[in-house]
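Can you read through this structure? Questions will come right after.
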Amino acid sequence: MSPYPLAVPTGYRVGPWTVERPLGAGAFGSVYAAVRDAGPGELPPRAALKFLPTGTRTPRQLRHLRDLAEREVELLGRLRSPRLIRMYEALTVDDPAHPELDGATVLVLEEAAESLQTALPRLSATDRARVLAQVCEGLAQLHGAGWVHGDLKPGNVLLMADGSARLGDFSTASELDGTHAYSPAFATADYTPPELLWSEFGEHGTRIRPTADLWAFGVLAHLVLTDGLPLPGGTPSARRDAAVRYARGAEELRLSPELPAAWREIVADCLSATHEDRARRAGRTAEPLSARVRAAAAGRPPRRPRRRALAAAGGVLALAVAGLGVTLLPDERPPGSPEASGYERCASRSVCFFSEPEGGGEMCAWDGDDPDWFDGVSDCAWAAASSPRSVYNNGGPDPGGYIRVAYFARIGLQNRLGCVERGDRRNLPAEPGVRSHTWAKTC
Ligand SMILES: Nc1ncnc2c1ncn2[C@@H]1O[C@H](COP(=O)(O)OP(=O)(O)OP(=O)(O)O)[C@@H](O)[C@H]1O
């Protein structure tokens with residue numbers, strides 16, 4: 001039997017496309033390389049045709065397949081982001097002479113060279129880290145647009161001819177409706193977060209949140225960086241049982257010793273056992289995670305603060321470390337003394353932003369990056385209502401040279417507003433507000 005759910009012969013024509021050779025197959029889709037010999041000039045000369053057998057099968061299978069096809073067409077038709085595979089058009093096969101193909105949905109996609117699944121054994125450590133950073137960027141773009149992927153795994157990461165990565169297979173993707181989306185729940189067990197392993201499949205599907213993709217990213221990163229899955233067991237069902245034991249607190253997570261140090265905290269945060277812990281440690285979406293993953297891939301020391309942002313309101317200092325799974329290192333000291341005022345409240349090795357000029361008013365302080373001030377590493381609540389009016393870079397020396405601080409108007413380090421040299425303290429203009437910052441080598 002063909003491993004392809006839909007066997008399409010070489011030379012088969014659909015619209016302007018002629019099938020050349022098979023590229024890969026999943027549970028539902030059969031993907032073929034194709035060339036264009038006619039049709040509108042804006043279409044590329046080559047593409048990957050994904051055939052979904054929506055014309056055959058039993059009515060029940062059909063309903064499900066149509067749902068998968070519609071999800072993919074809907075998402076790809078509406079979203080265009082550099083890290084998501086593009087769709088050029090969607091066609092329906094009209095060919096009563098070939099009943100097995102008649103009525104099939106054909107997605108005409110940007111052609112990738114291969115999937116991460118097949119490429120992985122040949123990739124160097126540097127390439128593996130780079131691909132992970134690009135996958136996380138793709139997830140951040142997807143989440144930023146309000147969608148959840150729902151089936152992130154090596155077969156759904158596509159590598160282009162230039163080696164860059166894109167996310168593919170959006171048949172399980174779903175658009176967020178508030179905090180949740182409804183997925184058809186065909187995610188792969190090894191990449192499914194514990195809370196979804198026993199979740200109910202309701203009328204509209206399984207309720208999932210973007211943190212489900214973060215769990216899958218943690219599993220993927222562990223696999224890509226160590227060639228092994230994070231949970232023990234020789235079969236998917238043994239690993240699912242291990243996930244259940246882990247989620248119930250009966251078993252600890254033991255990450256491979258081969259996992260590079262820069263990635264351990266990222267993977268552990270993504271593999272937090274519950275949605276709540278994952279959201280707190282890794283973020284509610286991939287957007288805050290992306291900067292950490294980029295830094296790890298670039299070999300920079302993780303800039304995630306070891307403590308939460310230090311907020312001082314009305315001169316009362318609060319060390320807010322609880323709840324992040326975060327410990328203060330013995331050599332860390334609290335920011336300035338409680339009697340300190342103005343800029344002097346800012347602890348060494350921190351960057352501090354103040355709600356008033358000259359270091360006055362409320363303060364938010366970090367010793368690391370924060371790609372989203374309101375929903376990232378920490379919540380700088382007052383900055384949501386008013387923009388910071390002064391800043392003090394009280395950072396220390398850094399072996400990598402990341403001693404300056406660049407700050408941005410938008411989450412994810414976008415729309416750069418300015419940069420502060422080490423030791424610099426200055427007033428800021430009233431608008432616009434600051435949403436993210438990063439330690440930088442140059443200003
Ligand atoms: N745009 C593309 N370019 C090249 N190859 C592709 C492309 N899209 C998919 N493939 C190949 O086809 C395989 C199956 O595609 P895809 O994952 O989209 O199908 P599926 O049936 O939806 O899979 P799943 O079993 O994950 O639901 C991929 O693993 C990859 O090898």
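What you see is a predicted model; the values in this text were computed from it and never measured. All ligand and atom numbering here is 1-based and tracks the order in the structure.
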Practice item. Hey, can you tell me if His437 and Phe353 have their rings parallel, tilted or perpendicular (30° and 60° cut-offs)? Key: tilted

Check your understanding: Can you check whether Arg410's main-chain N or O pairs, donor with acceptor, with Asn415's side chain at less than 3.5 Å?
Key -> no

Point to revise | N/O separation below 3.5 Å, Glu111 to ligand 1 | key: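 Such a contact does not occur with ligand 1.
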
Review point. With no hydrogens and no angle check, do the side chains of Gln141 and Trp147 hold a donor and an acceptor under 3.5 Å apart?
Key: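 Note: Gln141 and Trp147 side chains miss the donor-acceptor criterion.
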
Review point. Of all the atoms in ligand 1, which lie at a distance below 4.0 Å from a heavy atom belonging to Ala112?
Key: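 With Ala112 as reference, the close atoms of ligand 1 come out as 2 (C), 3 (N), 4 (C).
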
Check your understanding: For atom 8 (N) of ligand 1, which of Leu116, Leu158, Leu49, Asn156 has the closest heavy atom?
Key -> Leu158

Exercise for review: Under 4.0 Å from a heavy atom of Gly29: give me the atoms of ligand 1 that qualify, with their elements.
Suggested key: 20 (P), 21 (O)

**Study point:** Cysteine SG atoms at Cys364 and Cys352 closer than 2.5 Å
**Key:** no

Review point. Do any heavy atoms of Lys153 fall under 4.0 Å from ligand 1?
Key: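 Right, Lys153 reaches ligand 1.
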
Exercise for review: Just jot down the ring pair (Phe, Tyr, Trp, His ring centres under 6.0 Å) partners of Phe217, sequence neighbours excluded, or say none.
Suggested key: none

Exercise for review: Kindly identify the option in Ser115, Ala25, Pro154 whose heavy atom sits closest to atom 13 (C) of ligand 1.
Suggested key: Ala25

Check your understanding: Against heavy atoms of Lys50, which atoms of ligand 1 measure under 4.0 Å?
Key ->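 Heavy-atom distances to Lys50 below 4.0 Å select 16 (P), 18 (O), 19 (O), 20 (P), 22 (O).
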
Review point. For the ring pair Trp366 and Trp373, is the centre-to-centre distance below 6.0 Å?
Key: yes

Check your understanding: Should Gly168 be listed as contacting ligand 1, given a heavy-atom distance under 4.0 Å as the test?
Key -> no

Practice item. Pick one of side chain, backbone, both or neither for how Ala113 approaches ligand 1, counting any non-hydrogen atom pair under 4.0 Å. Key: neither

Review point. Within the distance-only criterion (no hydrogens, no angle test), does the side chain of Thr192 pair as donor or acceptor with the backbone N or O of Thr188 below 3.5 angstrom?
Key: yes

Exercise for review: Report yes if the distance between the aromatic ring centroids of Phe170 and His149 is under 6.0 Å, otherwise no.
Suggested key: yes

Check your understanding: For the side chain of Arg128 and the backbone of Leu120, is there at least one donor-acceptor N/O pair under 3.5 Å apart?
Key ->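 The answer is yes, because a donor-acceptor pair under 3.5 Å joins these two groups.
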
Practice item. Check each of Ile85, Thr118, Leu23, Leu159 against atom 5 (N) of ligand 1 and report the one with the nearest heavy atom. Key: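 Looking at heavy atoms only, Leu23 sits closest to atom 5 (N) of ligand 1.
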
**Study point:** Atoms in ligand 1 flagged as close to Asp169, the criterion being non-hydrogen separation under 4.0 Å
**Key:**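 The list of qualifying atoms is 16 (P), 17 (O), 18 (O), 20 (P), 22 (O), 23 (O), 24 (P), 26 (O), 27 (O).
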
Review point. Does an N or O from Gly155, backbone or side chain, lie closer than 3.5 Å to an N or O of ligand 1?
Key: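 Yes: some nitrogen or oxygen of Gly155 is under 3.5 Å from one in ligand 1.
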
Check your understanding: Backbone, side chain, both or neither: what part of Glu114 comes under 4.0 angstrom of ligand 1, heavy atoms only?
Key -> neither

Review point. Which atoms of ligand 1 sit under 4.0 Å from any heavy atom of Ala48?
Key: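 Contacts of ligand 1 toward Ala48, numbered from 1: 1 (N), 2 (C), 3 (N).
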
Practice item. Of the side chain and backbone of Asp151, name the one, both, or neither that has a heavy atom under 4.0 Å from an atom of ligand 1. Key: side chain

Review point. Taking atom types as modelled, is there a side-chain donor on Ser164 or Asp162 under 3.5 Å from an acceptor on the other?
Key: yes

